Structures are given as C-alpha cells and as structure tokens.
Protein chains: 2
Amino acid sequence: MQLSNSSQYAIRILAYMADQKDSELMNATELAEVLDIPYKFLAKIMTELVKVGLVVSIRGREGGYKFEKKTSEIMVSDILDIFNDSIKDEQCVLGIGFCNGMCKCALHDQWMEPKHLLQKMFRESSLEDIAGRGCKI
Amino acid sequence: MQLSNSSQYAIRILAYMADQKDSELMNATELAEVLDIPYKFLAKIMTELVKVGLVVSIRGREGGYKFEKKTSEIMVSDILDIFNDSIKDEQCVLGIGFCNGMCKCALHDQWMEPKHLLQKMFRESSLEDIAGRGCKI
DNA sequence: GTTTAATTCTACCTTTAAGTAGTAATTATA
DNA sequence: TATAATTACTACTTAAAGGTAGAATTAAAC
C-alpha cells in the first residue's frame, strides 16, 4: 500500500525545486545528490516531467530544469497521474472491476472515507503549499 | 497506491469463506471458480494462509480448507501482514527513511489523517464484520 | 572553433510480483 | 487395493518496476 518509487521521487524532486525559489535553474547532478536519488533514474524521471509539460529543460552547458507552470498551479495529483498512481473515483480496494452501489466488495463502505481523504490530500495540495513544509529534502 | 494482488485475493477468499458458514470445508477448485482467481495462484496463496495458521487444510479426497481461528478474531490487517502489505506506523508517504517529528517530508502532516483511517479500517475490520457486506464474491 | 557541462535517447540489465506447469503426497470411497 | 479428488512442493515463465550504461545532442564559455 504505497506509491511507486517514481511518484515518490518526482514529488520530492518538485517539492525541493519549489522550495529553492532563488535559484531558478536546477541541474540533475545537484538534484540527485541532494535528494539521494540515483542520477540516471532521476534523469529519466525528469524527461517524463518535461514531456508532460510540468517543467522545461535547458540543454547544454549551464542548463537545467525549471518550472513551466506556477507552483501554485501544480497539484500533487498531477504528478501521480504521470505514473498512473493516482486514486481513481471508481478504484476498488479489493480490485474487483464492478464494485459500486449495485454490487460492492466486502470493504467498500469502509474504503470510502480514507479514499476521499487520500484524494483530497493529493488533489488539493499544490507544490507551493507543500514546498515550505518539513525538511528541505 | 493499491494493495498487491495477493492481498486483494486473500481478503476476498477469506471473506467469502467466512460468508459460507454452512459449508465448513471449501476446496480450491470451487473458490477459484466462484471468485474468478487463477487456480494455481489461489492454491499458492492458500498454502501461505495455512503456513501462517489462519486456516487449516485437509488433504486428500473430500479435503479442503477451513478456518483455524474464529472469524471474529481474524483482522484484515493480519492478512495484509502476510504479504507485507500493511501500513506501518512509521511509513512515510514519500518513502524517506527518517520522516518523523524532527525531520519530516513535505506531505507528512497531510498524510497523518488518511494513514490513521487506513490503519483503522484494516486493524478494526474482522472477517466476521465484513463477511455479510456487499455481494458474495 | 574547441572544450566542457549539461540534457536526451536508446537500449539494456536486475529485481520483484504475478502467474503457470507438472508432479508428489495424501486420503476418502468404491 | 485401486481410483479419484484433493492439497503441497518445486521449478519455471512472464510482465512490470526499478535502475544502469553509453553515446548523441545541445549550447555556453573560453
């Protein structure tokens, strides 16, 4: 019951970037070191974030990554969507395809409340919101 | 963000068995058919459930599986534990190892409430509780 | 122009989860 | 005792996630 490594890494990367307002361009080497994420894996993730338009990359010497959109407009759920990791409204905790009002799984009722809270946490937390929180890693 | 197939299957199997109070012994062929779970995979899961002592198996002709403990004494979290799928108190939603009061991740505060609800759902739901719920699958 | 520091691309390797196959062991029943 | 029905064991295959390697591309700086 947890997020994929890619999602976890991506959120940590972007939250860290959002926290470093001063230095507008950040490169992969530095991010990998500070956040203790394998460099090549981080680079792969960054390429995905660029493709999907969350950040832009500046190639070549003195290059790096910066946000394409305002951090207040990027929600955690947007990041999870990239790695197919967000919680869909119709997601059943026991994985049956037809779990709904008519025919529901044994945990259907108990699942509703935590599901909604998780969705709320992911959908209503922007990078700006969470950037200041916790330690800078 | 979901349980492993093994956990999902195991919960569905045991909830179904708990629901069939009358027929005390259930065999793998029937369970696999009714629950639409690959037979060999189900058999592998049942062997784990036997090893860990939740159910006992009767081998040979007319054999099958039945509960070893009362269904009111088996919690969903006991099942998740078998497949290392339950939510630990110290589990960080962003996967950092040292997420606590001193140094916490960017989502630490938001994660507390849904985490506790999930733990509550898993720890406080017994098979007896959930057996009657929903459809019989 | 050459060098250098950076991203990007393609392809691969490793680990884990998920699922399958075949056979041995067990036991009620005929 | 033979048979059929059942679980248990061992080993394999497949698919997906996680991670790595190396070369190509880009562009600033010298």
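Model, not experiment: these values are computed from the prediction. Reminder, nothing fancy here: chain letters follow the sequence lines and each chain counts from 1.
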How many whole angstroms separate atom CD of A:Glu30 from atom P of C:dT7? 10 Å
Round to a whole Å and report the spacing from CD1 of A:Ile37 to P of D:dG19. 10 Å
Walking DNA chain D from its 5' end, the first of A:Ser6 and A:Arg61 to be reached, judged by nearest nucleotide, is A:Ser6
Contact class for B:Ala28 (heavy atom, under 4.0 Å): base, sugar-phosphate, or nothing? sugar-phosphate
Can you find a donor-acceptor pair, distance only, under 3.5 Å between A:Lys40 side chain and D:dG22 base? yes
Sub-3.5 Å donor-acceptor pair from the side chain of B:Glu128 to the main-chain atoms of B:Ala18, do we have one? no
Quiz question: going by heavy-atom distance under 3.5 Å, is there a donor-acceptor pair between the base of D:dG19 and the side chain of A:Lys44? yes
Does B:Tyr39 have a side-chain nitrogen or oxygen under 4.0 Å from the phosphate oxygens OP1 or OP2 of D:dT6? no
Under the 3.5 angstrom rule, does the side chain of A:Asp19 hit a backbone N or O of A:Tyr16 as a donor-acceptor pair? no
Between D:dG19 atom C1' and A:Glu48 atom CD, what is the distance in whole Å? 14 Å
Would you check, one step at a time, whether the test side chain to side chain contact (heavy atoms under 4.5 Å, CB included) holds for B:Val76 with A:Gln110? CA-CA 12 Å; B:Val76 172; A:Gln110 289 95 322; over 6 Å; no
Does C:dA6 have its OP1 or OP2 closer than 4.0 Å to a side-chain nitrogen or oxygen of A:Tyr65? no
Please examine the side chains of A:Leu127 and A:Ile130, heavy atoms only from C-beta on, and report whether any two atoms are closer than 4.5 Å. yes
How far does CZ of B:Arg123 sit from CG of B:Asp81, to the nearest 0.5 angstrom? 8.5 Å
Whether the side chain of A:Arg59 and the base of D:dT26 hold a donor-acceptor pair under 3.5 Å is what I'd like checked. no
Starting at CG of B:Leu31 and ending at C1' of D:dT6, how long is that distance when rounded to a whole Å? 13 Å
Tell me: CD1 of B:Ile58 to P of D:dT6, nearest whole Å? 13 Å
Does A:Ser57 put a side-chain nitrogen or oxygen below 4.0 Å from OP1 or OP2 of C:dT8? yes
Classify B:Tyr9 by what it touches in the nucleic acid, base, sugar-phosphate, or nothing, heavy-atom distance under 4.0 Å. sugar-phosphate
At less than 4.0 Å, is any side-chain N or O atom of B:Thr47 found next to OP1 or OP2 of D:dT7? Yes or no. no
Using OP1 and OP2 only, check whether a side-chain N or O of B:Asn5 sits under 4.0 Å from C:dA17. no
Return the value, rounded to whole Å, for the distance between atom CG of B:Asn27 and atom P of C:dT27. 17 Å
Which residue lies toward the 5' end of DNA chain C, B:Glu62 or A:Met26, if each is placed at its nearest nucleotide? A:Met26
What does A:Ser4 touch in the nucleic acid at a heavy-atom separation under 4.0 angstrom: a base, only the sugar-phosphate, or nothing? sugar-phosphate
For the pair B:Asp85 (side chain) and B:Ser7 (backbone), establish whether a donor and an acceptor sit closer than 3.5 Å, ignoring hydrogens and angles. no
Here the distance between atom C1' of C:dT14 and atom CZ of A:Phe41, to the nearest Å, is 13 Å
To the nearest angstrom, how far is A:Lys51 atom NZ from C:dT10 atom P? 8 Å
